[in-house]
Amino acid sequence: MTHWIIAPVVLPAFLAPFIVLAARYHMGIQRVFSVAGVLALIAIAAGLVWQASDGTVTLYQLSDWAAPFGIVLVADRLSTMMVLLTSILALMVLLYGIGSKWDERGRHFHALFQFQIMGIMGAFLTGDLFNLFVFFEILLIASYGLMIHSGGNVRLKAGVQYVSFNLIGSTLFLFALGSIYAETGTLNMADLAARAQMVGAEQTVGIRVAAVLLLLVFAIKAALVPLHVWLPSSYAEAPPVVAALFAIMTKVGAYAIIRVYTMIFPESLEATAGLHHTWLMPFALLSLALGMIGLLAAKKLDRLVAFSVVGSMGMVMVAISMFSEAGISAALYYIVHSTFAAAALFLIVDLVEQSRDDLQLTTQPPIAGAPLTAGLFFAAAIAMAGLPPLSGFVGKLLILNAGFSEGAMPWIWAIILGSSLISVVGFARAGSVVFWKSESLRPEVDEDDDDSQEVSEDDQQAPSALAYGAVMGLLALIALHTVLAGPMTRYMQATSAQLFAPDAYMEKVLDTPGKLSKPKDSSKEDH
Amino acid sequence: MSLFLVVALPFLGALLPGLMNQAGRAACAGITFVVSLAAFIGLLTNLPAVLAGETIKASIDWIPLLGLNFSLMLDGLGFFFAFLILGIGLLIIAYARHYLSRNDNMGAFFTYLLLFQGAMVGIVMSDNILLLLVFWELTSLSSFLLIGFWKHLPEGRQGARMALTVTGMGGLAMIGGMLILGEIAGSYNLSDILQSREAIQASPLYLPALLLILLGCFTKSAQFPFHFWLPHAMAAPTPVSAYLHSATMVKAGIFLMARLWPVLSGTPEWFAIVTTAGLITMVLGAVIALFKHDLKALLAFSTVSHLGLITMLLGTGTAFGAMAAVFHILNHATFKAALFMSAGIIDHEAHTRDIRRLGGLRHLMPITFIFATLAALSMAGIPFLNGFLSKEMMLEEANHTVLFGSPWLVPALAVFGSLFSAAYSFRYVGHVFLGPKRDDYPTTPHDPGPGLWLPPVILVVLVVAIGVAPFLAEPFVKMVTASLLGEAAEVPKAYFKIWHGLVPALYMSIAAVVGGLILLAVYRPALRLWDAAPRPEAKVIFEALIENVVKLAQGLILRSHNGAFSRYAALAMSFIILAGYYAWTTGTVGDATRTLQPVTAIAVAGWATLVAATIGLVFLHRNRLLALVFMGVIGLMVSVGFIFLSAPDLAMTQITVEVVTIVLLLLALNFLPKSSPIESSALRRSRDTVVAVAGGLAAMGLTYHFLMRDAVDQSISAFHLANSYKGGGGTNVVNVILVDFRGFDTYGEIIVLGIAALLIFALTEALLGGPVRARLLNREPDMPQAGDAHPGMMVVLTRVMMPVVLMVGFYVFLRGHNEPGGGFIAGLIVSIAVVMQYMASGFNWAAARLRYPYHGIIGAGVLIAGLTGIGSWFVGKPFLTSDFTYVRIPPFEKFELATAALFDLGVFLAVVGAVMLSLESYSRLARRSERPDTEHPIDIDPSRDDPENIMKAGG
């Protein structure tokens, strides 16, 4: 029995209470443990990815009970990939949080951070829908704590909205779970997939409503229009370092949709025909368009980035809602890309905010460290807008290519390309105001010591090297994702193929015996 | 040299100028020059093979799945363009070294320039059209940076954004076009695509692909109606204008049309669109150029005009047209770059580019005068200069072109355009250099150092050499033409000569030059006419368009995302209800498989109470205390419902949860006004009513539907019932589910609880750090406070009850595994015991007696639960695997020991810690606000803090 699968959940789940218990007054200790924990997570996640890379599905039966009676964790290509993505993102964000001293501006940052990671990891790994609900709760409550980290009126107000809206989502999740359990009598995903097939054609309403409600739950998390309304203000008002971590949170919704709607409610399932396979695409396209229009409309830099997250999730959802191997594979590539890109942008927002009065897109004196920050913004904006040479462009090509055979192809292409243009205009306007127009306000100094003046100004306020390093790290990851696009796409394709052939997954989950699962063994197990 | 290296050198070298910036301007420019030179030499090493007619290829896999590979090829056409890009690039770098002032960041400039150079070389050497797209957009981006190089100038910023928007739009369209093209041809490799002319032209997708690709080409090469961005890109430093916006980048669209000429040209669509756009651009650009007073604007529109000319030649679809286009690309690149550099020199020396303030410069700047005049005359089409040769070929081609059924339309317009072209060329010479010397130049100009004039002179030498001896260029141009045409057509036999005899083209050429001279002679009246004529100002229109789009976007977004939560919630709920309704109506309902249970009077009474309390809550919720009472009633009725439905565990949990939450809410209400004001309009409240009622009915309907039906298969709870004792060692199935079957869920939930408590604590902390603290300190309660805050009776009672309650908690904890109870309930009960002390004697008194920090209790609880889970690893079992055994320690009965109890202990501690930490957080708020608490357990009214009135607390 290998316990590595559960390590991404248990490790932060131990670190967090340990930090609370033993180190809550010692920032230095907290930082050491937090960073060490995330580094260990990366190593573990890399091992899990390696284990799953040949198509192996690894099962972990909690409390030794076999599915569907107990809870199981399942590590396949998709879940391990998401776990690795999360842990890498977490490292960069954590380093930035330390470098920018954001972690000192309120209580329990590191504990909440670890709990948050635990929730995300659990959501990716679990093979049980109710357990997914539990992890959704963990990541919701932890994210609320992180969101209002360091307080402030506007932030608290946005936080209340965030948590209230997501509680609607949680309630809906319970309704969906209740419906599913009432209809099928099980909560294990693999078992559900098997039982959904048993629903007779003469009574499909139950499973149909359940499927739609569950989709809406995930759509809230994934910020699908019109259920995205919570996102712009929450992400904009959250501490940028937290918003950067949240780049993975919307992906939890996307992940859940991929998992549940390829395995439990696939296109071949008669009972749920004409629901998500028909209706997800228009709303995904709407999300993409609305996100990018919001990006153009935004009057503050942080809201601009928040809307770009809505748009990029729209892009992900467009690819997902093709429900084809190529589409999901493109979506997975884009998910990795947009996670890093959104995080980088939020961190850059923070770099800007540190030496500006506010984030309004108005002309203000140049920020400290302007040239470097401007360069980083330029690169991150290119990534987010999907321009070459970064991975956003590759992702866009993959999605366009996958959409070629779709019925809605003209719509998909027109909206993807059109929204890209809008985002280019929006980013160019914002960058021009923040980084270029501000130069016209640079105090005139003698030509001779122009340079020296600039340098000393920068030294006073410029963010720390660690903060810059974290942002550069994220951009380097985007570059790596681009350069290694060949192997990455191959991996995504294999992952997607595994999703569309869920038999191995289902067999592994349902046919692995656990405690008392065979009546003849029960006497042996019994004490 | 490997093609990869040629493309990669500028990119790799782009790091160096930034690095060398500190070492001085000469070093910075020098290193850039060396990088460029290395790439140039690398290119030249491939010349023999190219001349031999070979196509050199090199390829590395990048994204095979997408068909996007790093494939490069070099043939005649690619070599020609790469030669121009790198060759002119070298001259520009030398020129820029002397052009940029000390205030300019030279490192950044050369970095951008090299990035551009690499991207541009990449475009012309790509064998893969997707790779070409990558480089294509890179040129747009580097051009954006270069146009906006002078960040402080508004023209630069606006010009940069305009250029990026227009060329970006084209680039995006081209993505679509290229993907379609690749889809038709079955490959994204140019070599394959160039072989599939028939397939492509026969495909129904040909027209969309053509339109999208041409949109890309036209925007990039500034063809009408997208020509307007180019003049505004002239806000860039002059070397950039000369390099990007005259010699190279704007030729990218032309290059692509030439590259895809074998597969796309020759159809009526191609002919009509490309020729027409080229013709209009040529004429329009030439006319506007004549009336521009800014030297660079004049040259910019002239560039637009010449790009139109080349486009038109490609549009005709004949081999001769293509050859003329190639030749003119070469000639235009030489004379126009030289002219731009001359404009830069004049600007640099005279500090103005306004033609109206110049004149008579031939006396002051003889060198500049000579080479600029030669270049301008070449542009005008004067014999013995290279512009004459290609212009004549253009006129010849125009003579044979029948557009829209009219044989004279193209020739007439071509002459008209050439006439204006000649006129503005003459104006460039006449109004700048000729005429009397003036004494009102902003600064008196003189010829610059050779660093500035040598690069354009080198180009002008070429202008003259080709003009005098066209046979020198002929083999090269024909070689390039051959590779452009591919297998689609034969290279024309025509010879390059100055004198072709008395052909119509000669007459047309003479007409244009003479007409141009006449036009310049009547320039003043013509200018008055022009100024009087209304005409659209592209920049104003563009800016207004963008502003309006932004306004529209803001109208769409800002109002609907204004943070009004009730609207968000109404929107979300409506959407959820509608989606659920849709799913319901499109499915089949089926028959009920269960029958209704008998309706008893007790059930009806409970149900009625629950409904009444809920309705009461809705109507009276503005009185917060009353709302709390109703919530208590609802909670109680739910608990009763659980008992009625034989779920004692749930009932116990519910009741204890109710007690704790009501107490906590009461404490919270303490800091809030006693009633909430009406903030929403009647309309909004009725909207919310409709949504809420619809949601309630939907929930009811759905619940009823499921209650009346069995699951498709036996539910998993049957297994739990059967195996709870055998496998979990407990007869209370609910508890075994909580700590064993689904212990992992419980583990997660106690963490949720713990986080919630930490969060309340952190929130309080944040509040107390802010302005709230002052508000709390100055808070005036809106109701008179009770005189006996800590009444003696209550204090005594709670003290007495405390051990009893603790005992109950202990008992409930222990029996949990087999009877209703367990760690969760026990935790709540113990919390209640402590909460009572807080209530009775005040926060300060209780907090002072707090022995264990609640953070720690939560942490310990979660850790114990986790450690219990890990414990099973040591016996090789998965996380949280339970085990149990029976022991007998005399004189006690045999009893069970289960690891699940340890887990339950964790749950217990986490619950206690969470509840208490929340309470503690409230008490911190209270301590900031309340009248100073006494240190005594019982107190009547601290304002009457009279020793006689205070009873001594016992123990």
Side-chain angles (χ1 to χ4, degrees), chain A residues 1 3 6 14 17 20-21 61-64 68-71 107-108 115 134 137-138 141-142 145 151 161 182 184-186 195 198-199 202-205 208-209 212 216 226-227 229 232-233 293-294 296-297 387-389 413 417 420-421 424-425 428 432 436 439-440 485-486 489 515-516 526, chain B residues 62-63 65 134 137 151-152 157 161 164-165 168-169 172 176 553-554 557 561 563 565 568 572 575-576 579-580 583-584 587-590 706 711-713 715-716 719 723 726-727 740-741 743-745 748 752 755-756 758-759 762 765-766 855-856 859 862-863 866 873 876-881:
Chain A
M1 172 58 64
H3 302 288
I6 201 173
F14 270 87
V20 173
L21 187 64
Q61 296 169 326
L62 283 146
S63 310
D64 206 19
F69 312 110
I71 298 165
R107 297 296 297 272
H108 294 315
F115 275 134
V134 172
E137 292 307 290
I138 295 176
I141 193 87
Q161 281 202 0
T184 63
T186 189
R195 290 193 181 199
M198 300 183 196
V199 176
E202 73 289 351
Q203 45 180 358
T204 57
V205 286
R208 286 175 77 81
V209 172
V212 164
L216 294 178
L227 300 174
V229 279
S233 57
I293 292 173
L296 186 64
L387 290 180
W413 279 34
L417 294 174
S420 296
L421 179 64
V424 169
V425 175
S432 165
W436 282 0
E439 293 294 325
S440 56
T489 48
K515 200 195 246 183
L516 298 188
D526 208 342
Chain B
W62 183 14
I63 315 174
L65 276 175
V134 172
E137 297 281 41
K151 311 181 190 28
H152 51 280
R157 296 195 301 266
R161 288 211 309 271
L164 183 68
T165 308
M169 175 182 76
L172 288 164
Q554 287 176 341
I557 299 294
H561 293 72
F565 179 71
Y568 291 176
F575 185 70
I576 290 165
W584 177 278
T588 48
V589 180
F706 285 124
V712 292
D713 201 359
S715 103
I716 53 171
F719 178 91
N723 293 294
K726 260 192 294 179
D740 195 346
F741 287 118
F744 197 50
D745 280 343
V752 171
I755 301 171
L758 290 185
L759 214 151
E765 191 93 339
H855 295 268
V862 173
L863 282 178
W873 289 358
K877 291 286 180 190
F879 194 68
L880 281 177
T881 305

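We name chains A, B, ... by the order of the sequence lines, and we start the count at 1 in each one. Every heavy atom of this structure was used, including side-chain atoms; hydrogens, water molecules and symmetry mates were not.
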Heaviest contributor of heavy-atom pairs below 4.5 Å to chain A, chosen from B/Gly168, B/Ala762, B/Gly748, B/Gly580, is B/Gly748

Mark yes or no for whether B/Gln554, through its side chain, and A/Ala297, through its backbone, hold a donor-acceptor pair below 3.5 Å. yes

By side chain to side chain contact (heavy atoms under 4.5 Å, CB included) - contacts of A/Val199 (at least two apart): A/Glu183, A/Ile207, A/Ala271, B/Val712

With sequence neighbours left out, the residues meeting side chain to side chain donor-acceptor pair (under 3.5 Å) with B/Glu765 are A/Arg107, B/Arg924

Using heavy-atom distances under 4.5 Å, tell me whether B/Leu759 contacts chain A through its side chain, its backbone, both, or neither. side chain

Note: vs chain A, highest number of non-hydrogen pairs under 4.5 angstrom among B/Met169, B/His855, B/Glu137 is B/His855

Select, from A/Leu21, A/Thr204, A/Val20, the one with the greatest count of heavy-atom pairs under 4.5 Å involving chain B. A/Thr204

Ignoring hydrogens and angles, tell me if any N or O in the side chain of A/Lys515 forms a donor-acceptor pair with the backbone of B/Gly727 under 3.5 Å. yes

Under a 4.5 Å cutoff for heavy-atom pairs, which residue among A/Leu421, A/Ile141, A/Ile6 has the most contacts with chain B? A/Ile141

Does the side chain of B/Thr881 pick up a donor-acceptor pair with the side chain of A/Ser63 at under 3.5 Å? no

Structural part of A/Leu227 lying under 4.5 Å from a heavy atom of chain B: side chain

Heavy-atom cut-off 4.5 Å, strictly under: side chain, backbone, both or neither for A/Pro232 against chain B? side chain

A/Glu137 (side chain) donor-acceptor with B/Val752 (main chain) under 3.5 angstrom: no

For chain B, which candidate among A/Gly145, A/Ser233, A/Gly70 shows the most heavy-atom pairs at distances under 4.5 Å? A/Gly145

A side-chain contact here means heavy atoms from C-beta on lying under 4.5 Å apart; do A/Met198 and B/Asp713 qualify? yes

Side-chain contact, heavy-atom cut-off 4.5 Å: B/Trp584 with A/Arg208? no

So, the part of B/Ile716 with a heavy atom under 4.5 Å from chain A: the answer is both

Between A/Leu387 and chain B, with a heavy-atom cut-off of 4.5 Å, which part of the residue counts as in contact: side chain, backbone, both or neither? side chain

Please identify, among B/Leu164, B/Leu863, B/Thr165, the residue contributing the most non-hydrogen atom pairs under 4.5 Å to chain A. B/Leu863

Sort out for me which of B/Gly587, B/Ala579, B/Gly856 touches chain A most, counting heavy-atom pairs under 4.5 Å. B/Gly587

Contacting moiety of B/Arg157, where chain A heavy atoms sit under 4.5 Å: both

May I have the step-by-step check of side chain to side chain contact (heavy atoms under 4.5 Å, CB included) for B/Phe741 and B/Asn723, ending in yes or no? CA-CA 10 Å; B/Phe741 287 118; B/Asn723 293 294; 4.2 Å; yes

Can you tell me which of A/Leu417, A/Val424, A/Val212, A/Leu216 forms the most heavy-atom pairs within a distance under 4.5 Å of chain B? A/Leu417

